[in-house]
Visitor: 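The structure under discussion is supplied below as structure tokens; questions concerning it will follow.
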Amino acid sequence: MELEIDFPAFWAWHDHSAASRRAHGAAYATYVGCWRKHARVVKGQRSIARFEDAKIESTRSFCSRCGAPLLYERKRSPHMVNIPRALFSGRTGREPRYHVAIEELQDWTYTGNRLVPLKGYPGIVWERPKSRRRPRDVDHVEFLGRRVPTARAYRPVKASACPRFDPNTVVSSPPGHADRIR
């Protein structure tokens, strides 16, 4: 799969919306936007599959062979196409200086706090947690002079890739019958 845009791109931004977080499996997605007439699928047109979200009136295209997100198109901007910045190995002519849906920024997102090397793990850095005093509770026991969480302290956490799954909104192109990018 190979995409190409004319240099420079129109703009670039970080998208913190839930839809982009789920599509990319990341804290946020960084996109490069350009005019549709300045973007081309150079190779792999038949590998493009599409997901249409009727609720937010958008279409996301992805590679049916490897699953990589390719294009993000919105009905309200029919002449623009948005491409994940990570797909470009070189410069695009625009730096991502804008943040969309910043009100949806997650509390677990890295926001530039100081990082320090993790002792014993070369190449790994970490963000030290803020110190907070915890009252002793029944979720911890003392074992060999150390506080250790009990099994009760661990609770299941649910993850969802498709919280609003509706089989009628999925439009997928079978191999060899790719939709044209309009």
Side-chain angles (χ1 to χ4, degrees), residues 1-113 156-182:
M1 166 94 302
E2 196 173 309
L3 299 169
E4 181 178 89
I5 64 169
D6 293 337
F7 189 89
F10 186 73
W11 76 314
W13 74 98
H14 303 293
D15 185 346
H16 300 272
S17 69
S20 285
R21 278 198 314 275
R22 287 188 187 97
H24 290 260
Y28 58 87
T30 303
Y31 289 104
V32 172
C34 70
W35 297 106
R36 185 178 301 282
K37 64 184 178 183
H38 295 291
R40 294 166 292 289
V41 176
V42 178
K43 191 168 40 169
Q45 177 78 27
R46 292 176 181 226
S47 299
I48 296 176
R50 300 163 60 85
F51 169 78
E52 294 181 5
D53 188 339
K55 185 176 181 181
I56 60 173
E57 297 183 318
S58 69
T59 302
R60 293 182 186 272
S61 300
F62 58 94
C63 178
S64 63
R65 299 179 82 195
C66 71
L70 300 174
L71 304 170
Y72 173 42
E73 304 164 85
R74 294 178 292 189
K75 187 176 180 181
R76 68 176 187 235
S77 303
H79 301 292
M80 295 293 288
V81 64
N82 308 299
I83 305 168
R85 175 62 179 94
L87 297 181
F88 295 95
S89 57
R91 296 173 48 95
T92 62
R94 296 286 183 245
E95 293 297 320
R97 300 185 189 268
Y98 306 95
H99 293 261
V100 174
I102 193 69
E103 68 279 1
E104 296 183 45
L105 178 76
Q106 299 296 293
D107 62 352
W108 48 265
T109 303
Y110 173 68
T111 56
N113 294 338
V157 180
K158 293 182 181 180
S160 176
C162 300
R164 301 182 316 254
F165 179 70
D166 178 3
N168 298 324
T169 63
V170 177
V171 178
S172 182
S173 305
H177 296 83
D179 294 329
R180 293 196 66 127
I181 299 172
R182 297 185 264 289

Visitor: For Arg94 and Phe10, indicate whether the former's side chain and the latter's backbone hold a donor-acceptor pair under 3.5 Å.
Guide: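 Such a contact is found between Arg94 side chain and Phe10 backbone.
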Visitor: Looking only at non-hydrogen atoms, find the nearest pair between Trp35 and Val81 and report the distance.
Guide: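 Closest pair (atom of Trp35, atom of Val81, distance): O-CG1, 4.4 Å.
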Visitor: Go through the steps to decide whether Leu3 and Leu71 satisfy the test side chain to side chain contact (heavy atoms under 4.5 Å, CB included), and finish with yes or no.
Guide: CA-CA 10 Å; Leu3 299 169; Leu71 304 170; 4.2 Å; yes
Visitor: For Ser64 and Ser47, indicate whether the former's side chain and the latter's backbone hold a donor-acceptor pair under 3.5 Å.
Guide: yes
Visitor: Walk me through it: do Leu105 and Thr111 pass the test side chain to side chain contact (heavy atoms under 4.5 Å, CB included)?
Guide: CA-CA 10 Å; Leu105 178 76; Thr111 56; 4.3 Å; yes
Visitor: Please enumerate all residues that pass side-chain hydrogen bond (donor to acceptor under 3.5 Å, both in side chains) together with Asp107, with sequence neighbours excluded.
Guide: none
Visitor: Apply side chain to side chain contact (heavy atoms under 4.5 Å, CB included) to the pair Arg74 and Asn82, showing each step before the final yes or no.
Guide: CA-CA 9 Å; Arg74 294 178 292 189; Asn82 308 299; 4.1 Å; yes
Visitor: Who pairs with His16 by ring-ring contact (aromatic ring centres under 6.0 Å, His included), at least two apart in sequence or on another chain?
Guide: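 His16 satisfies ring-ring contact (aromatic ring centres under 6.0 Å, His included) with Tyr28, His99 once adjacent residues are dropped.
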Visitor: Where do His24 and Pro84 come nearest, in terms of heavy atoms and distance?
Guide: CE1-CG, 3.6 Å
Visitor: Say whether, by atom type as modelled, one donor and one acceptor occur between the side chain of Glu104 and the main chain of Ala18 under 3.5 angstrom.
Guide: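 Checking the backbone N and O of Ala18 against the side chain of Glu104, a donor-acceptor pair under 3.5 Å is found.
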Visitor: Taking only residues two or more places apart in sequence or in another chain, which ones pass side chain to side chain contact (heavy atoms under 4.5 Å, CB included) with Glu103?
Guide: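 So Glu103 forms a side chain to side chain contact (heavy atoms under 4.5 Å, CB included) with Ala101.
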Visitor: Please identify each residue that fulfils ring-ring contact (aromatic ring centres under 6.0 Å, His included) with Tyr98, with sequence neighbours left out.
Guide: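 Partners of Tyr98 under the ring-ring contact (aromatic ring centres under 6.0 Å, His included) test: Trp11.
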Visitor: Thr59 and Glu52: side chain to side chain contact (heavy atoms under 4.5 Å, CB included), yes or no, with the steps?
Guide: CA-CA 4 Å; Thr59 302; Glu52 294 181 5; 3.5 Å; yes
Visitor: Rounded at 0.5 Å granularity, tell me how far CD in Glu95 sits from CZ in Arg85.
Guide: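 That separation rounds to 7.0 Å.
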Visitor: Kindly compute the distance separating NE2 (His38) from CE (Met80), expressed to the nearest 0.5 Å.
Guide: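 So the gap between those two atoms works out to 9.5 Å.
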Visitor: Looking only at heavy atoms, what is the nearest atom pair of Pro96 and His14, with distance?
Guide: O-NE2, 3.4 Å
Visitor: Indicate the atoms forming the closest heavy-atom contact of Tyr31 with Ser20, along with that distance.
Guide: OH-OG, 3.4 Å
Visitor: Which pairs pass salt bridge (charged side-chain N to carboxylate O under 4.0 Å, His left out) with one or both residues in residues 57-67, sequence neighbours excluded?
Guide: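 Listed once each, the pairs are Glu57-Lys75.
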Visitor: Which heavy atom of Ala39 sits nearest to which heavy atom of Cys34, and what is that distance?
Guide: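 Scanning both residues, the minimum pair turns out to be CB-SG, 3.7 Å.
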Visitor: Return the minimal non-hydrogen interatomic distance between Cys63 and Met1, and the atom names on each side.
Guide: SG-CB, 4.4 Å
Visitor: Output every pair passing salt bridge (charged side-chain N to carboxylate O under 4.0 Å, His left out) with a member in residues 6-21, not counting sequence neighbours, ordered by first then second residue.
Guide: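 Qualifying pairs: Asp6-Arg40.
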